[in-house]
There are 2 protein chains.
Amino acid sequence: MTVERKSAICVLGTGLIGGSVLRAAVAAGYEAWAYNRSHTGVQAARADGFDVSDDIETVLRRAATADALLVIGVPMPALDSILSDVKLFAPDCALTDVVSVKAPVAEAVRRYELGARYVGGHPMAGTSESGWAASSSGLFRGAVWAVGVDPGTHAQTWSRVARLALDCGADVVPVLAAEHDQAVARISHLPHVLAEALAVAGAGGGDLALGLAAGSFRDGTRVAATSADLVRAICEPNATALLDALDDTLRLLTAARDSLAADGTLGELIDAGYSARVRHEDLERWEITDVRPGDQDWLNRLHEAGQRGGVIRTLD
Amino acid sequence: MTVERKSAICVLGTGLIGGSVLRAAVAAGYEAWAYNRSHTGVQAARADGFDVSDDIETVLRRAATADALLVIGVPMPALDSILSDVKLFAPDCALTDVVSVKAPVAEAVRRYELGARYVGGHPMAGTSESGWAASSSGLFRGAVWAVGVDPGTHAQTWSRVARLALDCGADVVPVLAAEHDQAVARISHLPHVLAEALAVAGAGGGDLALGLAAGSFRDGTRVAATSADLVRAICEPNATALLDALDDTLRLLTAARDSLAADGTLGELIDAGYSARVRHEDLERWEITDVRPGDQDWLNRLHEAGQRGGVIRTLD
């Protein structure tokens, strides 16, 4: 039990999220080490006292020997390369990821025949900074961490992934990959796209406008400070769901625009927006206490509870 | 000189902005008192030790006697009522306002024949809270405060208004009313509209989406927590400029949407948004030191300096 509770963790990619997982896992008492492609990133992490290497083969062979849980923390464009190495050097390890979008990762994992012990994950935390320098052991404290409950999920692997999330300080939200991707299109990818549009429209007002900008513009454009490559890597793999969210938004904005042109009012948008924001603020997560991984029908029951706002806060 | 430096201040409307002006003015050593329409607001301000009344006639007659600077802090829909009282009881007082939009206020002031000693103002600060309870003497510290430099502006009144802004802790940005309104449409009113649309689109993903929402959604929707009536009162009077900003935004979002549908990329929006945000972050205000109110051509020179990012930080 103790062995399973703090099984070894091998993080692949030590950017903001992967780096924070490494820090949080070590802080929680896990044996944890990591791979990072860039030597600069490796040196920075080592200088901070972490066990990080740019030798993927050695890192993965050690994971295979230790039966470590692999945590993929690279952006989507680097996923295939990492999976092909995992397939070569540690094909039997339990596997999770902290990449934003879930269905495309699951599809790639299946393509590399690594699906049997894969459980997708997505900690809902970040900053507009990126890279090891921005990582912190406390990034996930109080956050939610989506953990996949798609049909066929391996109960023991699920528990290892969920336990890591809990030990990093997060609440676990059980979710299907497709439903996760639809949800994050609306609450993570759409905010990025709107922030970029707001930044461009604001700058269209020149230095006078940018000089007068205060809290509403600063907050509304905060995530536009994220590097452009990273934003594309996060949003574009979720194109279908993001298109749906963008089309809804364009309809809402066009209706408000037309109403403003026709009769000088912003129409229903303002009341609807206020209600939606209040609904978000008032949303209370509740604790799922009656489902254990591996129980009869546990995947369906966790899925259904997650849809209704349930989270897991402890695992026996 | 001392008399002019800390001339009496009479604030009309003690909500978030007007209330904060009253607090900041008192903290800076001004004799200051205020009117508020709602008795609850009056009681709350009095309980905090401020000289506030709901008797507009008494408040304005005192201002006339003391030659106070009137500061209008009511939302647009209440402006006519306040101006008609000013016209009746204190028509010769110097007059400014802290209402978001400037050209419509200037027009109303002219309609009441109060234009001779009017200088429009707009402190670029706020919170999503409103009312006296949210006000604070430090709200304007480090903020910018737009002060109008339209043709015909009275130099001494301008100095009184600018000095009040400086004494409240703000930097003064000299600006034409029309250019101000175009600028704030992009960096204040548009952020409100986008925040409302994001909140609605996010809530369209149900409790799962709202439960997964983290920093990007929270920041992107923060100002949607502002009361709907106040958002309409801020944005709708600036319909023409806001339509222009909304049309730009719709073009940007539609191009990104079409690009995402056609080839799976968000196109140029992400790079442009990143650059615009960085431009905002890197923008440095510089101090205008070579123009004194009343100097030859001072209005044009201040206007031109303000357009280039100049601010006033001291007045002799």
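In what follows, chains carry the letters A, B, and so on, assigned in the order in which the sequence lines appear, proteins first and then strands, with residues in each chain numbered from 1.
- Contact of A:Ala213 with chain B is made through backbone and side chain together, with heavy-atom distances under 4.5 Å.
- Contact of B:Arg218 with chain A is made through backbone and side chain together, with heavy-atom distances under 4.5 Å.
- The minimum heavy-atom distance between A:Ser216 and B:Val223, with the atom names listed, is CB-CG1, 3.8 Å.
- Interface remark: A:Leu252 contributes side-chain atoms only to the contact with chain B (heavy atom separation under 4.5 Å).
- When all heavy atoms of B:Gly273 and A:Ala199 are compared, the closest pair comes out as O-CB, 3.5 Å.
- Annotation: maximal heavy-atom pairing with chain A below 4.5 Å, among B:Ala146, B:Ala245, B:Ala209, occurs at B:Ala209.
- We find the CD1-SG distance between B:Ile270 and A:Cys235 to be 6.0 Å, quoted to the nearest 0.5 Å.
- Heavy-atom pairs under 4.5 Å with chain B peak, among A:Thr249, A:Val311, A:Asp271, at A:Asp271.
- In terms of non-hydrogen atom pairs under 4.5 Å with chain B, the most contact-rich of A:Ala214, A:Gly264, A:Gly215, A:Gly206 is A:Gly264.
- Counting heavy-atom pairs closer than 4.5 Å to chain A, the top-ranked of the candidates B:His280, B:Met124, B:Gln182 is B:His280.
- For chain B, the nearby parts of A:Glu179 are the backbone and the side chain; heavy atoms of each come within less than 4.5 Å.
- Contact between B:Val144 and A:Gly211 at its shortest, heavy atoms only, is CG2-O, 3.7 Å.
- Listed options B:Gly309, B:Gly306, B:Ala261 were ranked by heavy-atom pairs under 4.5 angstrom with chain A; first place goes to B:Ala261.
- Among A:Thr254, A:Asp171, A:Asp247, the residue making the largest number of heavy-atom pairs under 4.5 Å with chain B is A:Asp247.
- Within 6.0 Å of atom CZ in B:Arg141, 12 or fewer heavy atoms from other residues, nucleotides or ligands are found, so the atom counts as exposed in its surroundings.
- Looking at A:Val193, the atoms closer than 4.5 Å to chain B (heavy atoms on both sides) sit in the backbone and in the side chain alike.
- Heavy-atom distances place both the backbone and the side chain of B:Ala225 under 4.5 Å from chain A.
- Looking at A:Arg222, both its backbone and its side chain come within 4.5 Å of chain B, counting heavy atoms on both sides.
- Note on B:Arg251, B:Arg277, B:Arg285, B:Arg186: by heavy-atom pairs under 4.5 Å with chain A, the leading option is B:Arg277.
- Heavy atoms of A:Leu283 lying under 4.5 Å from chain B belong exclusively to its side chain.
- Between chain B and the residues A:Ala197, A:Gly205, A:Gly220, the most heavy-atom pairs under 4.5 angstrom are made by A:Ala197.
- The parts of B:Leu269 that come within reach of chain A are both its backbone and its side chain, each placing non-hydrogen atoms under 4.5 angstrom from that chain.
- Checked against salt bridge (charged side-chain N to carboxylate O under 4.0 Å, His left out), B:Asp207 has the following partners two or more places apart in sequence or in another chain: A:Arg279.
- Within the 4.5 Å cutoff, side-chain heavy atoms of B:Val173 are placed close to those of A:Leu208.
- Comparing B:Ala272, B:Ser227, B:Gly204, B:Pro191 by how many heavy-atom pairs each has under 4.5 Å with chain A, the most go to B:Pro191.
- Of the listed residues (B:Val175, B:Leu253, B:Thr226, B:Asp229), the greatest number of heavy-atom pairs within a distance under 4.5 Å of chain A belongs to B:Leu253.
- Looking only at heavy-atom pairs under 4.5 Å with chain B, the residue among A:Arg308, A:His122, A:Arg232 that has the most is A:Arg232.
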### Verdict with supporting geometry, B:Leu266 and A:Glu236, side-chain contact (heavy atoms from CB on, under 4.5 Å)
CA-CA 7 Å; B:Leu266 286 161; A:Glu236 290 175 354; 3.8 Å; yes

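- Contact annotation for B:Ala143: neither backbone nor side-chain heavy atoms come within less than 4.5 Å of a heavy atom of chain A.
- A:Ile187 and B:Gly202 make their closest contact through CG2-CA, 4.1 Å (heavy atoms, listed as atom of the first residue, atom of the second, distance).
- By the 6.0 Å contact criterion, CD on B:Glu304 is enclosed, its count of non-hydrogen atoms from other residues, nucleotides or ligands being greater than 12.
- A:Leu190 and B:Ala201 get closest at one heavy-atom pair: CD2-CB, 3.5 Å.
- For the set A:Val278, A:Asp244, A:Thr265, A:Thr240, the count of heavy-atom pairs under 4.5 angstrom toward chain B peaks at A:Thr265.
- In this structure, B:Thr221 OG1 and A:Leu194 CG are separated by 11.0 Å, a value rounded to the nearest 0.5 Å.
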